[in-house]
Q: 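Below is the structure I would like to discuss, written out as structure tokens.
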Amino acid sequence: ARLKVRSGETFQAESQSDGRIVLTPVVTIPARELMVWENPGLRTSLLTAMTEAAAGLAAVDQEMEEDLASLNGAD
């Protein structure tokens, strides 16, 4: 069977006990961005900020300042 693989795709390979090799498509992200996916509140805040910025309504509040600082590694 032919695989339909696009250039740049990444796969995780797993060897099964029966000798089969299973390829699972994966997406990698930088570690600093992982916190956005693990923290629904942060993700919501960032999406809201991006939506407001696109509409020209962005106003940075204290919570957003803290979220942005945590993304940049500040304590």
Side-chain angles (χ1 to χ4, degrees):
R2 286 189 59 118
L3 296 176
K4 293 183 180 180
V5 178
R6 289 176 283 189
S7 177
E9 282 189 297
T10 304
F11 295 87
Q12 175 183 359
E14 182 180 348
S15 178
Q16 302 290 311
S17 60
D18 63 2
R20 290 181 302 138
I21 296 174
V22 177
L23 298 176
T24 304
V26 296
V27 175
T28 58
I29 60 171
R32 70 179 183 275
E33 293 177 23
L34 181 59
M35 72 170 51
V36 174
W37 295 104
E38 294 177 333
N39 183 331
L42 175 58
R43 188 169 52 249
T44 299
S45 179
L46 289 172
L47 289 173
T48 299
M50 290 171 26
T51 301
E52 290 176 355
L57 304 172
V60 177
D61 63 17
Q62 182 62 35
E63 183 178 350
M64 288 174 61
E65 292 269 358
E66 292 167 4
D67 291 341
L68 291 171
S70 67
L71 280 176
N72 291 321
D75 291 332

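Heavy atoms only: backbone and side chains are in, while hydrogens, waters and symmetry mates are out.
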Q: Could you work out, with side chain to side chain contact (heavy atoms under 4.5 Å, CB included) as the rule, every residue matching Thr51, not counting sequence neighbours?
A: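 Counting only residues at least two positions away or on another chain, Thr51 forms no side chain to side chain contact (heavy atoms under 4.5 Å, CB included).
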Q: Would you compute the distance between atom CG of Asn39 and atom CG of Leu34 and round it to the nearest 0.5 angstrom?
A: 10.5 Å
Q: State which residues pass side chain to side chain contact (heavy atoms under 4.5 Å, CB included) with Met35; sequence neighbours excluded, sorted by chain then number.
A: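 Checked Met35 against side chain to side chain contact (heavy atoms under 4.5 Å, CB included); matches are Leu42, Ser70, Leu71.
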Q: Going by salt bridge (charged side-chain N to carboxylate O under 4.0 Å, His left out), name the pairs with one or both residues in residues 28-41, residues two or more places apart or in two chains.
A: none
Q: Using a 4.5 Å cut-off between side-chain heavy atoms of Ile, Leu, Val, Met, Phe, Trp and Tyr, which other residues end up in the same hydrophobic cluster as Leu47?
A: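 Its cluster mates, by chain and number, are Met50.
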Q: Not counting sequence neighbours, which residues clear side chain to side chain contact (heavy atoms under 4.5 Å, CB included) with Ala31? List them please.
A: none
Q: Give me each pair satisfying salt bridge (charged side-chain N to carboxylate O under 4.0 Å, His left out) with a member in residues 14-24, each pair once, sequence neighbours excluded.
A: Asp18-Arg20
Q: Could you list the residues that satisfy side chain to side chain contact (heavy atoms under 4.5 Å, CB included) with Leu23, not counting sequence neighbours?
A: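 With sequence neighbours excluded, Leu23 shows a side chain to side chain contact (heavy atoms under 4.5 Å, CB included) to Leu3, Phe11, Ala13, Ile21, given in chain and number order.
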Q: Mind jotting down which residue pairs meet the salt bridge (charged side-chain N to carboxylate O under 4.0 Å, His left out) criterion with at least one end in residues 3-12? Sequence neighbours excluded, please.
A: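 Sorted pair list: Arg6-Glu9.
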Q: Indicate the atoms forming the closest heavy-atom contact of Val36 with Arg43, along with that distance.
A: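 Smallest heavy-atom distance, with atoms named: O-NH1, 3.0 Å.
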Q: May I ask you to decide if Thr44's main-chain N or O and Thr48's side chain share a donor-acceptor pair within less than 3.5 Å?
A: yes
Q: What's in the same ILVMFWY side-chain cluster as Val27, cut-off under 4.5 Å, chained through other members?
A: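 When side chains under 4.5 Å apart are linked, Val27 ends up in no cluster with other residues.
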